[in-house]
Amino acid sequence: MSDERKEAVRQVAGELARHLAWLRDAGVREVPVPVPVMRRAPVPAPALSPAPALEVRPLPVAAPRPLAPIVEQGPAATSASQKGSGSPGLLAIRADLGDCRRCKLAGGRTTLVFGVGAPRAELMFVGEGPGADEDLQGEPFVGKGGQLLTKMIEAMGYRREQVYIANVVKCRPPGNRDPEPDEIEACEPFLRRQIEAVGPKVIVALGKFAAHTLLRSTIPITRLRGQWSEYQGVKLMPTFHPAYLLRSPAEKVKAWEDLKLVMAALGRQVAPGGGRPG
Ligand code: URA
């Protein structure tokens, strides 16, 4: 292969890798792969037909390494009408965010943490903002609190990939301080659009900060939790933040009560003997 052709292959492979990374950032966890079409045996050409004057060139397409598993969509997102219909919306939002510099959090972030999960999930969790682990990995709730959130999700009968998870702010506040009003103002429109694009039946607001932002309330989370509210016409259940539950394990009982209300609203049954997540 000529050097020119090798360079072209390298460029296409690079483009593809960047595109797939961008899709993953946008929360897309499934990439449709065209089913190979079986070729028919060539029909012999009439003996006297003139050969077309075509220059035959190999396509400059590199065979990329398979991506790290883009997590599959689960049943909550598998109906034909849903499949993919959420993704273009999320992709457009991610594209609008771009290399966001709308607030001062941009200067301190490693990675913008957009969201993750099924693009048409019936259940969506909204947290506060990325911590150190999330900032490094580009995915919400992957640290210790995230591990507990995953257990909570699984105790509700879902896999993590079947729900959608996002935060009020997409960039890590320095030292994990609370996001400030100008930062929320800059970021919240994107969360609102994410919620519209995913179209969940229920939102769970994780912790005081997410609940206060979404509900425009200052009522303590201890009073908000366990009570149905609404955000833009979507049922919203505030509950304790997983990080708080790690510090105050006795409160897990109350959080589990809240999640059971959510399960009931989604028509899910608690497994017999199904207790709260560890
Ligand atoms: N806490 C949050 O609120 N969100 C995350 O993504 C991680 C920790």
Side-chain angles (χ1 to χ4, degrees), residues 24-29 71 90 93-94 97 100 103 105-106 108-119 121 123-154 156 158-181 183-188 190-192 194-195 198 200 202-215 217 220-222 224-225 231 236-249 251-252 255 258-259 262 277:
R24 191 165 31 213
D25 276 359
V28 175
R29 287 295 179 259
V71 189
L90 289 171
I93 301 162
R94 181 64 189 86
L97 265 168
C100 185
C103 83
L105 293 182
R109 73 161 182 247
T110 310
T111 320
L112 187 152
V113 181
F114 181 66
V116 73
L123 176 58
M124 180 162 177
F125 291 85
V126 177
E128 175 175 332
D133 296 307
E134 292 75 22
D135 177 60
L136 289 177
Q137 296 184 41
E139 181 170 330
F141 285 99
V142 289
K144 287 220 170 79
Q147 285 160 23
L148 177 56
L149 176 62
T150 303
K151 281 190 194 164
M152 290 156 72
I153 291 167
E154 288 171 354
M156 294 173 81
Y158 294 90
R159 283 179 288 123
R160 186 176 154 102
E161 317 85 76
Q162 291 178 295
V163 304
Y164 195 85
I165 309 172
N167 281 308
V168 172
V169 295
K170 311 279 182 251
C171 300
R172 183 189 181 203
N176 295 344
R177 66 157 168 77
D178 278 355
E180 293 174 354
E183 297 157 359
I184 300 165
E185 197 185 329
C187 221
E188 200 203 340
F190 295 95
L191 174 63
R192 196 177 314 127
Q194 275 176 299
I195 293 172
V198 174
V202 175
I203 300 167
V204 175
L206 295 167
K208 155 187 114 164
F209 188 84
H212 285 178
T213 304
L214 294 176
L215 297 178
S217 168
I221 185 70
T222 45
L224 286 175
R225 62 145 287 273
Y231 178 80
L236 184 144
M237 174 58 70
T239 193
F240 291 128
H241 193 285
Y244 170 75
L245 296 175
L246 288 174
R247 293 193 302 273
S248 311
E251 300 285 52
K252 285 183 186 173
D258 304 342
L259 297 182
V262 171

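Basis for what follows: all heavy atoms, side chains included, without hydrogens, waters or symmetry-related copies. A quick note: this is a predicted structure, and the numbers were derived from the prediction, not measured. For ligands, and for the atoms within them, numbers begin at 1 and follow the listed sequence.
By the criterion of a heavy-atom distance under 4.0 Å, the side chain of Glu134, and not its backbone, is placed next to ligand 1.
Residue contact check: Glu128 has heavy atoms under 4.0 Å from atoms 2 (C), 3 (O) of ligand 1. Against a heavy-atom cut-off of under 4.0 Å, Pro140 is close to the following atoms of ligand 1: 6 (O). Heavy-atom contacts of Gly127 reach the following atoms of ligand 1: 3 (O) (cutoff under 4.0 Å).
Not less than 6.0 angstrom separates the ring centroid of Phe125 from the ring centroid of His241.
Counting non-hydrogen atoms of neighbouring residues, nucleotides and ligands closer than 6.0 angstrom, the CD atom of Glu185 reaches no more than 12 such neighbours.
Residues satisfying the side chain to side chain donor-acceptor pair (under 3.5 Å) test with Thr213, not counting sequence neighbours, are none. Remark: Asp258 engages Arg225, Thr239 in a side chain to side chain donor-acceptor pair (under 3.5 Å) (not counting sequence neighbours).
Scanning the protein heavy atoms around atom 1 (N) of ligand 1, the nearest turns out to be His241 NE2, 3.3 Å. In terms of protein heavy-atom proximity, atom 4 (N) of ligand 1 is closest to Asn167 OD1, 2.8 Å.
Between Glu134 and Lys170, no side-chain nitrogen of the basic residue sits less than 4.0 Å from a carboxylate oxygen of the acidic one, so the salt-bridge criterion is not met.
Side-chain contact annotation: Thr111 with Asp135, donor-acceptor N/O pair under 3.5 Å absent.
Of the polar atoms of Gly131, none of the N or O atoms is found under 3.5 Å from an N or O of ligand 1, judged by distance alone. Between Gly129 and ligand 1, at least one pair of N/O atoms sits closer than 3.5 Å.
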